[in-house]
S.K.: 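Please see the structure below; I have some questions.
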Amino acid sequence: MRGDKISRTQLMALMWAGVMAPAAELLPALLLPGAGRGAWLAVVLAAPLVLATGWLMGSLAEERGLAGCVTELLGRWAGGAVLLIYMVWGLLLLMLRLKLCAQRMLSSGERDGAPWFFLLTAAAVLLWIGRGRLSAFARAGQLFLLTLLVTGGVVLILSLFQASPERLFPLWHMEERGMLRASLSAAGTVGWGLFAAFLIGGLEDQGERKSWHWLFWGLGGMVLLAAAQAVILGNLGAGLSARLDNPFFALAKSVGVEGAFQRVESVVIALWTFADLSMGGMLLFALRYIGAEILPERAVPWVPWVAVVLAAAGALLLLQNPGDVQMWNQRLAPMGNLCLGAAVPAALKLLKDIREKVISCRRKAC
């Protein structure tokens, strides 16, 4: 992967394009049990945690990427064990993403067809992406993000005229525990993008540490995400949004312009496959970077093959029950993302700071 470089803007575009897949599926329904009509505010309150986590992982990754930092900090064996945990988690997320992508592709039509066909089609496309160059995928990711922003923007802007502010306020009766739980769930949903830290080693502008760049993309993404939740709740209300599986796609059913187009939900759902491909591709390239640290060099090119085959087989064999898919998507995935995206990097950062202090004290003593 030497010479295969991308810009920081392309990395952020890839991350947010991928995050738009779980965000559309989970928000605001995942936040409503704890936050109620304040679900949009829970996304705003999750922004500091998301920004802090991004800064933490970026400062750990430095120029080598997170995989190289972990092995340098913990050594070959302990670092390899930690990276193996990340690799297994990346495979599980890829498995879940393939399953959810197949379900969405099936629902975009007239429900004629088999889920396994759509799942294997998505797996084949991801394998083609994962075997290619990161730079080419990053350029496609920019187009994917633009398409998703335009599509989502059209749906939300046309729905804005039907929104009722009374469905968003008042907020003073919200419980602090419920709001905190909802904020953590929102951060866990955005935590699908944690594997972007493994791609930092592929950045072309390594010498330029631009904190404002992450702040712009991180804060801007969270604000847009909160605004989207406000529009959804303003249209559907907290009660109806909680009963719907995908409130955003349900909102698209009511979008239309008289004499121009009506019922565009199938188009919106189909275009959201770009988000699945962005997330799946980012996971595959992250697994390649992890594999380069813990596997023999000759085995690294086979990482995309093994990852896609295992993820597709797991999605077909282990996620047949809709209840299992819902449990993984709504509970286990956000929780795991918080642990591996915030808790583990915080422990590594603390260990790194202690190590640097010990080395500094030894040098002063000498």
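Computed from a prediction, not measured in an experiment: that's the story for all the values here.
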S.K.: Would you list the atom pairs, donor with acceptor, under 3.5 Å between side chains in residues 15-30 and any protein atom, with sequence neighbours excluded?
M.R.:
residue, atom, partner, partner atom, Å
Trp16, NE1, Trp217, O, 3.3
Glu25, OE1, Arg97, NH2, 3.2
Glu25, OE2, Arg97, NH1, 2.8
Glu25, OE2, Arg104, NH2, 2.3

S.K.: State, yes or no, whether a side-chain contact exists between Asp276 and Met105 at a heavy-atom distance under 4.5 Å.
M.R.: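 A side-chain contact under 4.5 Å is absent here.
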S.K.: Does one hydrophobic cluster hold both Val325 and Phe117, with members joined at side-chain heavy-atom distances below 4.5 Å?
M.R.: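 As far as the 4.5 Å side-chain criterion goes, Phe117 and Val325 are connected within one cluster.
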S.K.: Just list the side-chain donor-acceptor pairs under 3.5 Å for residues 330-350, sequence neighbours left out, or say none.
M.R.:
residue, atom, partner, partner atom, Å
Asn337, OD1, Trp89, NE1, 3.0
Asn337, ND2, Gly188, O, 3.1
Asn337, ND2, Ala333, O, 3.1

S.K.: With rounding to the nearest 0.5 angstrom, report the OG1 to CG distance, Thr9 to Leu145.
M.R.: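 Going from OG1 on Thr9 over to CG on Leu145, the span is 11.0 Å.
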S.K.: State which residue, out of Leu60, Leu11, Leu66, fulfils the side-chain contact (heavy atoms from CB on, under 4.5 Å) condition with Ile200.
M.R.: Leu11
S.K.: Do Ile6 and Phe137 have side chains that approach each other closer than 4.5 Å (heavy atoms only, starting at C-beta)?
M.R.: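 Of all side-chain heavy-atom pairs linking Phe137 with Ile6, none is under 4.5 Å.
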S.K.: Let me confirm one number: the CG-CG distance from Leu56 to Leu49, rounded to the nearest 0.5 Å.
M.R.: 10.5 Å
S.K.: If every non-hydrogen atom of Leu244 is compared with every non-hydrogen atom of Pro247, which pair is closest and at what distance?
M.R.: O-CD, 4.1 Å
S.K.: Report the distance from atom CG of Leu199 to atom CZ of Arg288, rounding to the nearest 0.5 Å.
M.R.: 10.0 Å
S.K.: Who pairs with Phe198 by ring-ring contact (aromatic ring centres under 6.0 Å, His included), at least two apart in sequence or on another chain?
M.R.: Tyr86, Phe195
S.K.: I'd like to know if Leu134 and Leu143 are part of one continuous hydrophobic network [Ile/Leu/Val/Met/Phe/Trp/Tyr, side-chain heavy atoms within less than 4.5 Å].
M.R.: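 Shared cluster, no.
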S.K.: Between Leu32 and Leu233, does the side-chain contact (heavy atoms from CB on, under 4.5 Å) criterion hold? Intermediate values first, please.
M.R.: CA-CA 10 Å; Leu32 289 170; Leu233 289 171; 3.7 Å; yes
S.K.: Between Gly130 and Pro304, which heavy-atom pair has the shortest distance, and what is it?
M.R.: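 The pair with the smallest heavy-atom distance is O-CG, 3.5 Å.
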S.K.: How close do Leu14 and Ala138 get, counting heavy atoms only, and between which atoms?
M.R.: CD1-CA, 3.9 Å
S.K.: For the atom pair CG (Leu31) and CZ (Arg181), what is the distance rounded to the nearest 0.5 Å?
M.R.: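 Separation between the atoms: 11.0 Å.
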S.K.: Under the 3.5 angstrom rule, does the side chain of Arg355 hit a backbone N or O of Leu73 as a donor-acceptor pair?
M.R.: yes
S.K.: Going by heavy atoms in the side chains, are Arg131 and Leu127 under 4.5 Å from each other?
M.R.: yes
S.K.: Is a side-chain N or O of Thr71 found less than 3.5 angstrom from the main chain of Gly68, in a donor-acceptor match?
M.R.: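 Confirmed, Thr71 side chain pairs with Gly68 backbone.
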S.K.: Let me confirm one number: the CG-CE distance from Leu225 to Met222, rounded to the nearest 0.5 Å.
M.R.: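 If we round to the nearest 0.5 Å, Leu225:CG and Met222:CE are 6.0 Å apart.
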S.K.: Under the side-chain contact (heavy atoms from CB on, under 4.5 Å) criterion, do Leu351 and Leu74 qualify, and how do the steps go?
M.R.: CA-CA 9 Å; Leu351 180 61; Leu74 300 179; 3.3 Å; yes
S.K.: Main chain of Leu94, side chain of Lys99: is a donor-acceptor contact present, judged purely on distance under 3.5 Å?
M.R.: no
S.K.: Identify the two heavy atoms, one from Ile129 and one from Gly281, that lie closest to each other, and give their separation to 0.1 Å.
M.R.: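 In this case the closest contact between Ile129 and Gly281 is CG2-CA, 4.3 Å.
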S.K.: Which pair of non-hydrogen atoms, one from Ala197 and one from Met57, has the smallest distance, and what is that distance?
M.R.: CB-CE, 3.8 Å
S.K.: Transitively linked via ILVMFWY side-chain contacts under 4.5 Å: Leu119 with Trp128?
M.R.: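 Cluster IDs for Leu119 and Trp128 match.
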S.K.: Rounded to the nearest 0.5 Å, what separation is found between the CG atom of Leu160 and the CG atom of Asn235?
M.R.: 8.0 Å
S.K.: Under 4.5 Å between side-chain heavy atoms, hopping through other hydrophobics if needed: is there a path connecting Leu319 to Leu106?
M.R.: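 Result: yes, single cluster for both.
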S.K.: Using the side-chain contact (heavy atoms from CB on, under 4.5 Å) rule, pick out the option among Leu146, Leu271, Leu156 that qualifies with Thr151.
M.R.: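 With Thr151 as partner, Leu146, Leu271, Leu156 yield a single side-chain contact (heavy atoms from CB on, under 4.5 Å), made by Leu271.
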S.K.: Applying a strict under-4.5 Å side-chain criterion to I, L, V, M, F, W and Y, I'd like to know whether Leu224 and Val44 cluster together.
M.R.: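 Different hydrophobic clusters.
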S.K.: Between Ser159 and Val231, which heavy-atom pair has the shortest distance, and what is it?
M.R.: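 Reported closest heavy-atom pair: CB-CG1, 4.1 Å.
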